[in-house]
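Contents: one structure, followed by commentary.
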Amino acid sequence: MGSNYGAIHLNQLSLIVLSVLFLAITACTEKNNEPGVAESVTMSASEAPSANQQNRGSPNAVPAKEQLVNYVETGDLRAIKKQGTIRFVNLTGASENLLPRDGVVSLRHFELANKLAKQLKLEPKWIKAQTPDDAVQMIIDGEADVIAYNLTVTDAREALIDFTVPLRHSRLVLVTGPEGPDISNPSKLENIEFIIPSGSSIKETAEQLVAENPNANLTILEVDIHGNRDTLMDAISGKSNRVAILEDFAAEDLLNYRDDLRVGAEVSEVQNIAWGVRKTSKRLHTTVDNFLTRNLVKAQEERITDWKGIKKSGVIRLLTYNGPTTYFLWKGVLMGFDYDLAQAFANKHKLQLQVIVVPYEEDLADWLRAGRGDFAGAELNITTAREAQGMVFTKPYVESSDQVVSGKGRPPINQIQDLNGRKLTLRAYSSFIETAKTLKNAGIDVDIRVAPPDISQSQIFSLITDGLIDATIAHSGRAKIEASVQPDLVTGALIGDPRPQGWMVLQQNWHLLKNLNKFLQNYRKTGQYQKQYQAYFEPNKRFMQRVSSRVIPGENLSPYDELVQESAFKYDFDWRMIVAQMWQESNFNPKAESPVGAQGLMQVMPATAEEMGFPPPLFEPERSIKAGVKYMDWVRDRFNPALPTVNRLWFTLASYNAGYGHLLDAQRLAEQLGLDPNVWFDNVEVAMLKLAQPQYFKRARYGYVRGSEPVQYVRNISNLYKAYVEMMSDDVTLRPPLRPIPAKTYCAPGDVPEGFNQRAPRYSSP
């Protein structure tokens, strides 16, 4: 990838950095609260920490903008209801969870706690703590109401707070890297450094092991992991003398996507894992216990059962792949066409949906026959070959033609006859192999090659754009989307009539099949189905348009410049960058709504808007801008302040687009690839693109991401921002505007300035 396409000229870069620094110096130190919005309490560097903060250690243990929700409440449920909100605290913040790969997805702490809030008719607020001990202290001090986290029940903690009914049971186990020591028995440990999370009860177990083996030279190192256990694993990976101690379920979660660790001996008795509340909140305690008792279900292991057994268990299991139209995590929200439909089916029948992610190199039908799931879906064409394997299909939930996709550098394939003498590389286990064989049997001289099982359709597209393979076959909807984001992909001939796609079930599960068919037949008639189809199979023309800039002296950049200036000044952003971002998000259309539900000028997701204190809808310009800029500020604060200013900005934009978790995965992967994890262009963006490929995203905490979107998103905004910086001064740094006045004229992107590089270079696509 060339280094020039997203980079900014040195003089221009200096101008941006200077404007950002000047804005930060001149900005007010105290930010005004939004009218009617609960704002976080902030503290200047000169303010002394409170006694409670001193007890917890550093006054910066909790980031300033995530500390309090503007009040202290130590009362019970009645007092909490008077506040109108219920405050949940954990170590990851709102909606930051790993991608569930074999779990009941509706039982993530975030979804479960929000469901509790809805039942209580309270607005949920999420607060991030630095350590479990910090979270406990926040409950005691009335800064939060419920610890919604995997908190280990210990005698010391039970003296401070009350615990709910157990969410699960666990034991502590030894974990090390591939080059680590023998961990089959604690007695074999010598010259070992235990790596444990700061503020965790695990320290007690580590201290006990040290005391029991006084001559073994065992030491303890506490690490701040901020709720991300990958930090802990990275600290031990490649080290021969480091061992971590983790809950067994946490180790199992890590094994779902990491192959660089080994799990060894158990080093504790069975422990309860629960949520925590204040000792003075007896009614809240009872209410949460009752709620959890009703809602906690156990994920099902291997079984082959029909509808009666499914209803009895309360869980239905979907087998699928982690991918762009099936099941993935985007901006902290679980998405995917198969996932959305399966979740709607589960909700209709009051079942919990358990998603099991099947490795790309394995066949869904094999997992179904083994009883690892109840039904399977992942863009599956209804074929006689699969039916011969003992599968039956539901009624179609979508129809799609097979379509040839090739690269720009080769002759086009506009009709079937153009395939003569060409080479087709096809996804393993796909129905496209059968399609290609049919063409060959019909007299088309085409060379058919099947890719290795671990190569995804996304990677095949990337190989085509890189000129390494000739062509492939894909579903027409997927091909259309890929060609819209990938300039070197060309859609070609359609092969045959549209083919139906459905879910697979075992032949004997006729009652389940009947219920799935009835649901799909009715659901396809709904408006919700149409929105979901558009979200996953129709290209987003607004996002994919080429972005350029035309600035006319004396005219505004947008109709909302002064609204943007007000919020940008408050949160120390260059307003011209926010305007560039707003154009990319909505084309300055305040009524814009994406197929997945993002709203308004800044296209904020409804759940994110709630977290920022701006309940949707967000079609009023001022509220949308305030919510979007406040979220930008929230994301920026999650990165190390020592990061270079400009790279911190690019990371913030990429996280705004794709989600903070995917950015963490990309930084970690960049380091593994020998790239700089603190530089976006040509470094972390390269890793982000690779997270669309199975060999990389299967080892990522947050799984698959359509990496081309955040890469192009940052590129477009940086180019437009560059044009704005060159052509319009930033006089808003002197003072904020007195009041918002809509401008009558604005400068929408139009003609490309001379010397402006509009065409994006080649890049990978999911």
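Quick note: numbers below take in every heavy atom, side chains included, and nothing from hydrogens, waters or symmetry partners.
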message = Tell me the closest heavy-atom pair linking Phe88 and Ala117, and the distance in Å.
response =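 Between these two residues, the closest heavy atoms are CE1-CB, 4.2 Å.
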task = For side-chain hydrogen bond (donor to acceptor under 3.5 Å, both in side chains), just list the numbers for Tyr721 and Asp574, CA-CA rounded to whole Å, side-chain angles, deciding distance to a tenth of an Å, and then say yes or no.
result = CA-CA 9 Å; Tyr721 177 31; Asp574 187 326; 3.0 Å; yes
Mind checking whether [X] and [Y] have parallel, tilted or perpendicular rings, split at 30° and 60°?
| X | Y | value |
| --- | --- | --- |
| His662 | Trp330 | tilted |
| Tyr656 | Tyr631 | tilted |
| Trp126 | Phe110 | tilted |

inquiry  = Applying side-chain hydrogen bond (donor to acceptor under 3.5 Å, both in side chains) to Ser558 and Asp561, what does each step give before you reach the verdict?
reply    = CA-CA 6 Å; Ser558 80; Asp561 281 7; 2.7 Å; yes
query = With sequence neighbours excluded, what pairs up with Tyr339 under the ring-ring contact (aromatic ring centres under 6.0 Å, His included) test?
reply =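 In terms of ring-ring contact (aromatic ring centres under 6.0 Å, His included), with neighbours along the sequence ignored, Tyr339 is linked to Tyr327.
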key: Results of side chain to side chain donor-acceptor pair (under 3.5 Å) for Thr491 - residues two or more places apart only   =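 Result, side chain to side chain donor-acceptor pair (under 3.5 Å) vs Thr491: none returned.
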query = For Asp338, what residues pass the side chain to side chain donor-acceptor pair (under 3.5 Å) criterion, not counting sequence neighbours?
reply =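 With sequence neighbours excluded, Asp338 shows a side chain to side chain donor-acceptor pair (under 3.5 Å) to Tyr397, Trp503, given in chain and number order.
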request  = Indicate yes or no: does Arg706 engage Glu482 in a salt bridge with an N to O separation below 4.0 Å.
outcome  =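 Salt bridge: yes.
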Leu669 and Met688, any side-chain heavy atoms less than 4.5 Å apart =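 Not in contact.
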query = Do Gln565 and Tyr560 come close enough that some side-chain heavy atom pair is under 4.5 Å?
reply =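 Gln565 vs Tyr560: side chains apart.
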inquiry  = Aromatic contact between Trp650 and Phe681, with the criterion being ring centroids under 6.0 Å apart: yes or no?
reply    =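 Trp650 vs Phe681: aromatic centres under 6.0 Å.
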